[in-house]
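First up is the structure itself, then whatever we jot down about it.
Predicted, not measured: the structure shown is a model, and the values here were computed from it. First listed ligand is number 1; within each ligand, the first listed atom is number 1.
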Amino acid sequence: MKIALITGGSRGLGRNMALHLARRGVGIILTYHARKDAADEARAEIEALGVKAAALPLDVTQSGSFPAFAQGVKAKLAEVWGRTDFDYLVNNAGTGAYAPIAETSVEKFDEMVAIHLKAPFFLTQALLPLIRDGGRIINVSSGLARFSYPGYAAYAMMKGGVEVFTRYLAKELGPRGIAANVIAPGAIATDFGGGRVRDDAEINHMIASQTALGRVGLPDDIGGAVAALLSDESGWINGQRIEVSGGIHL
Ligand code: NDP
């Protein structure tokens, strides 16, 4: 049985990825930050599919805590699965930031660096010894790293960095047979950004009108794509940025 570790698996895209993978029989370690209630709910949903799951707390802004987190993962692997490694790492956790460049504070910028650049880098570093040779890594970028909406400079430039990081991961981990790819979702209806894509009719309509398939993305659009990318059939896809957006701004 394969095991995936998904950061930010308590809600939104991470939770949906977990459910799609669980339906394919993949065991899940998910992390949460503030919403233990949502994490417990997600774990119960996964277990109801007949798959083992664990939920661990993690604040991705605290890179100093990553070695201890890795120890916690190791203990869970032994306790729940009787294993010493896992197969798939998905660096998904994160929040957005909306502010024009002229109004972006140093604090907000640093938070984006910590969440979207430093965390994928150092969390992956801390977990590398626990990822099975032949395993996979998926990072999560954004359509905003390819096209530009005013107000998302700090957020989007970090996502651009994660795309570069992914190519380096693929290159350096190739000798271990580990493939690394980055998905770039378009705008998806989740709690992200205060739930604007989902709840603000004007924004929802604007995004839909710019998308070839004529609607905003839903969590299932991303969870399904991630499960497909982590399937055995997709093992030769490596070092790629894959946009999952229904064709926005083509
Ligand atoms: P949600 O707001 O729905 O969920 C965010 C998840 O990240 C939750 O599980 C949350 O945990 C966790 N999280 C938030 N802050 C931290 C932190 N400091 N440390 C650890 N975990 C944290 O967002 P989405 O699911 O929509 O977004 C997931 C990823 O997808 C992000 O990287 C985002 O940038 C990216 N993305 C999203 C798009 C969208 O339109 N939704 C578009 C493009 C990319 P908890 O539940 O405990 O709060």
Side-chain angles (χ1 to χ4, degrees), residues 5-20 28-43 45 55-66 69 72 89-98 108 110-120 122-123 138-147 149 152 154-163 165-166 182-200 203-204 206-208 210-211 215-223 225-226 241-246 248-249:
L5 191 160
I6 303 171
T7 66
S10 45
R11 288 184 292 124
L13 303 185
R15 179 163 173 171
N16 193 277
M17 293 169 197
L19 289 170
H20 275 268
I28 304 291
I29 300 179
L30 59 87
T31 77
Y32 61 95
H33 175 219
R35 296 283 307 275
K36 183 172 186 309
D37 59 324
D40 287 341
E41 221 179 75
R43 187 162 53 85
E45 264 186 281
L56 292 172
L58 171 72
D59 181 352
V60 293
T61 65
Q62 303 301 310
S63 51
S65 73
F66 295 169
F69 173 75
L89 169 63
V90 186
N91 285 307
N92 161 78
T95 53
Y98 176 82
K108 204 59 188 170
D110 285 346
E111 187 187 283
M112 289 293 103
V113 172
I115 292 177
H116 293 293
L117 268 189
K118 216 171 157 185
F122 288 104
L123 189 63
I138 292 187
N139 291 323
V140 179
S141 177
S142 166
L144 292 168
R146 174 176 65 83
F147 52 82
Y149 283 174
Y152 290 101
Y155 169 75
M157 63 195 279
M158 307 313 158
K159 291 299 200 185
V162 125
E163 295 185 2
F165 175 50
T166 305
V182 55
I183 62 152
I188 317 294
T190 68
D191 294 340
F192 189 80
R196 277 158 43 116
V197 173
R198 184 189 54 212
D199 303 333
D200 184 322
I203 289 177
N204 188 293
M206 186 269 288
I207 300 284
Q210 290 163 352
T211 301
R215 61 169 174 81
V216 304
L218 299 170
D220 274 334
D221 296 320
I222 304 302
V226 165
R241 173 192 195 267
I242 296 153
E243 194 163 304
V244 191
S245 69
I248 193 169
H249 294 301

Return yes if some donor-acceptor pair links the side-chain N/O of [X] with the main-chain N/O of [Y] below 3.5 Å, else return no.
{"X": "H116", "Y": "T95", "value": "yes"}
{"X": "S142", "Y": "A145", "value": "no"}
{"X": "T31", "Y": "G8", "value": "yes"}
{"X": "D199", "Y": "R196", "value": "no"}

(message) Quick check with a 6.0 Å cut-off and a 45 degree axis cone: is R11 positioned over the face of F192's six-membered ring?
(response) no

Give yes or no for whether the N/O distance cutoff of 3.5 Å, strictly under, is met between [X] and ligand 1.
{"X": "Y155", "result": "yes"}
{"X": "T31", "result": "no"}
{"X": "G8", "result": "yes"}
{"X": "P185", "result": "no"}

Close-contact set for ligand 1 against [X] heavy atoms, below 4.0 Å:
{"X": "G12", "value": "3 (O), 25 (O)"}
{"X": "H116", "value": "32 (O), 34 (O)"}
{"X": "S142", "value": "43 (C), 44 (C)"}
{"X": "T95", "value": "14 (C), 15 (N)"}
{"X": "H33", "value": "11 (O), 15 (N), 16 (C), 17 (C), 18 (N), 19 (N), 20 (C), 21 (N), 22 (C), 45 (P), 47 (O)"}
{"X": "Y32", "value": "47 (O)"}
{"X": "I188", "value": "39 (C), 40 (O), 41 (N)"}
{"X": "R11", "value": "2 (O), 8 (C), 9 (O), 10 (C), 45 (P), 46 (O), 48 (O)"}

(message) Could you check whether any side-chain heavy atom of Y32 comes within less than 4.5 Å of a side-chain heavy atom of D40, counting everything from C-beta outward?
(response) no

(message) For a 4.5 angstrom cut-off between non-hydrogen side-chain atoms, does T211 reach V216?
(response)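 They are not in side-chain contact.
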
Close approach of [X] to ligand 1, heavy atoms, under 4.0 angstrom:
{"X": "R15", "answer": "no"}
{"X": "K36", "answer": "no"}
{"X": "A34", "answer": "yes"}
{"X": "G186", "answer": "yes"}
{"X": "A187", "answer": "yes"}
{"X": "V197", "answer": "no"}
{"X": "S141", "answer": "yes"}

(request) Take M17 and N92 through the side chain to side chain contact (heavy atoms under 4.5 Å, CB included) test and state the conclusion after the steps. (result) CA-CA 10 Å; M17 293 169 197; N92 161 78; 3.6 Å; yes

(request) Output the distance between atom CD1 (I188) and atom CZ (R198), rounded to the nearest 0.5 Å. (result)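 Result: 12.5 Å between the selected atoms.
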
(request) Taking only Lys NZ, Arg NE, NH1 and NH2, and the carboxylate oxygens of Asp or Glu, determine whether R15 and E45 approach each other closer than 4.0 Å. (result) yes

(request) Could you tell me whether E243 and R241 have a side-chain N and a carboxylate O separated by less than 4.0 Å? (result) yes

Give the residue, atom name and distance (to 0.1 Å) of the protein heavy atom nearest [atom].
{"atom": "atom 5 (C) of ligand 1", "value": "G94 O, 3.7 Å"}
{"atom": "atom 45 (P) of ligand 1", "value": "S10 OG, 3.4 Å"}
{"atom": "atom 28 (C) of ligand 1", "value": "N92 OD1, 3.2 Å"}
{"atom": "atom 37 (C) of ligand 1", "value": "L13 CD1, 3.9 Å"}
{"atom": "atom 1 (P) of ligand 1", "value": "F192 N, 4.1 Å"}
{"atom": "atom 18 (N) of ligand 1", "value": "D59 OD1, 3.1 Å"}

[X], portion touching ligand 1 at heavy-atom distance under 4.0 Å:
{"X": "L58", "value": "backbone"}
{"X": "T190", "value": "side chain"}
{"X": "A93", "value": "both"}
{"X": "V60", "value": "both"}

(request) Would you sort out whether D220 and N16 count as a side chain to side chain contact (heavy atoms under 4.5 Å, CB included), showing the intermediate values? (result) CA-CA 6 Å; D220 274 334; N16 193 277; 2.9 Å; yes

(request) Measure from atom 35 (C) of ligand 1 to every heavy atom in I222, V140, V216 and give the option owning the shortest one. (result)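 When every heavy atom of I222, V140, V216 is considered, V140 comes closest to atom 35 (C) of ligand 1.
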
(message) Ignoring hydrogens and geometry beyond distance, is a side-chain donor-acceptor pair present between T7 and N91 at under 3.5 Å?
(response)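 No, because no side-chain N or O of T7 sits under 3.5 Å from a partner of the opposite role on N91.
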
(message) For Y155 versus L144, what's the shortest heavy-atom pair and its separation?
(response) CE2-CD1, 3.8 Å

(message) Using side chain to side chain contact (heavy atoms under 4.5 Å, CB included), reason through V140 and V182 one step at a time and then give a plain yes or no.
(response) CA-CA 6 Å; V140 179; V182 55; over 6 Å; no

(message) I need the single residue from I222, V226, L13 that forms a side chain to side chain contact (heavy atoms under 4.5 Å, CB included) with V244. Which is it?
(response) I222

(request) On the 0 to 90° scale, with breaks at 30° and 60°, tag the Y152-Y149 ring pair as parallel, tilted or perpendicular. (result)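 Ring orientation, 0 to 90° scale: tilted.
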
